[in-house]
Amino acid sequence: MSKISIVVPVYYNADTLELLYDDMQNKILDKLGDYEIVFVDDGSGDNSWEIMNNIKAQDSNVVCVKLSRNFGEHAAFLAGLSV
């Protein structure tokens, strides 16, 4: 079976990242088999990066990427696909 990658561009989403991850975990992740979630911080100025890494510490299938500045969601999505 192939691995499924879920790419999540993140821009000032500190208040919703854990809710998103919990929702995915409750609804789809256990049905996917081999998966990865790639969170891409697109230059957020809040603590999104720290929260992404906290989620990564709980789940080895999570990958975190940090862009040097805001490039936009399309570039963030492409960066996530390039990992």
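Ile37 and Phe77 sit in two unconnected hydrophobic clusters of ILVMFWY residues. Membership requires side-chain heavy atoms under 4.5 Å apart, directly or through other members. In this structure, Ile55 is not a member of the same hydrophobic cluster as Val63, with clusters built from ILVMFWY side-chain heavy atoms closer than 4.5 Å. No continuous path of hydrophobic side-chain contacts links Tyr12 to Val10 [ILVMFWY only; heavy atoms under 4.5 Å]. In this structure, Leu81 is a member of the same hydrophobic cluster as Leu67, with clusters built from ILVMFWY side-chain heavy atoms closer than 4.5 Å. Residues Ile28 and Val8 are members of one and the same hydrophobic cluster, defined by side-chain heavy-atom contacts under 4.5 angstrom among Ile, Leu, Val, Met, Phe, Trp and Tyr.
Between the side chain of Asp34 and the main chain of Ser2, no donor-acceptor pair closer than 3.5 Å is present. For the pair Tyr11 (side chain) and Gly43 (backbone), a donor-acceptor distance under 3.5 Å is absent. Put simply, the side chain of Asp46 gets close to the backbone of Ala14: a donor and an acceptor are under 3.5 Å apart. Between the side chain of Asn13 and the backbone N or O of Thr16, no donor-acceptor pair lies under 3.5 Å.
In terms of heavy atoms, Pro9 sits closest to Glu73 at CG-O, 4.1 Å.
Going from atom CG of Leu20 over to atom CG of Asp15 covers 11.5 Å, rounded to the nearest 0.5 Å. With values rounded to the nearest 0.5 angstrom, Ser44 atom OG is found 8.0 Å from Asn70 atom CG. Rounded to the nearest 0.5 angstrom, Ile51 CD1 and Leu17 CG are separated by 6.0 Å. One distance of note links CD1 of Ile4 with CD of Glu36; it measures 10.5 Å at 0.5 Å rounding.
Heavy atoms of other residues, nucleotides or ligands lying less than 6.0 angstrom from CD of Glu50 number more than 12.
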Handout entry: Pair Val62-Tyr21, side-chain contact (heavy atoms from CB on, under 4.5 Å): steps then yes or no
Key = CA-CA 10 Å; Val62 173; Tyr21 176 75; 4.3 Å; yes
Practice task
Walk me through it: do Tyr35 and Asp59 pass the test side-chain hydrogen bond (donor to acceptor under 3.5 Å, both in side chains)?
Solution key: CA-CA 11 Å; Tyr35 71 90; Asp59 186 344; 2.8 Å; yes
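Contact annotation: the side chain of Cys64 approaches that of Trp49 to within less than 4.5 Å [non-hydrogen atoms, C-beta and beyond]. Side-chain contact between Gln25 and Asp22: present, with at least one pair of heavy atoms (C-beta onward) separated by less than 4.5 Å. Leu29 has its side chain within reach of Ile6: a pair of non-hydrogen atoms, C-beta onward, lies under 4.5 Å apart. Using a 4.5 Å cut-off on side-chain heavy atoms (C-beta onward), Phe39 and Asn53 make no contact.
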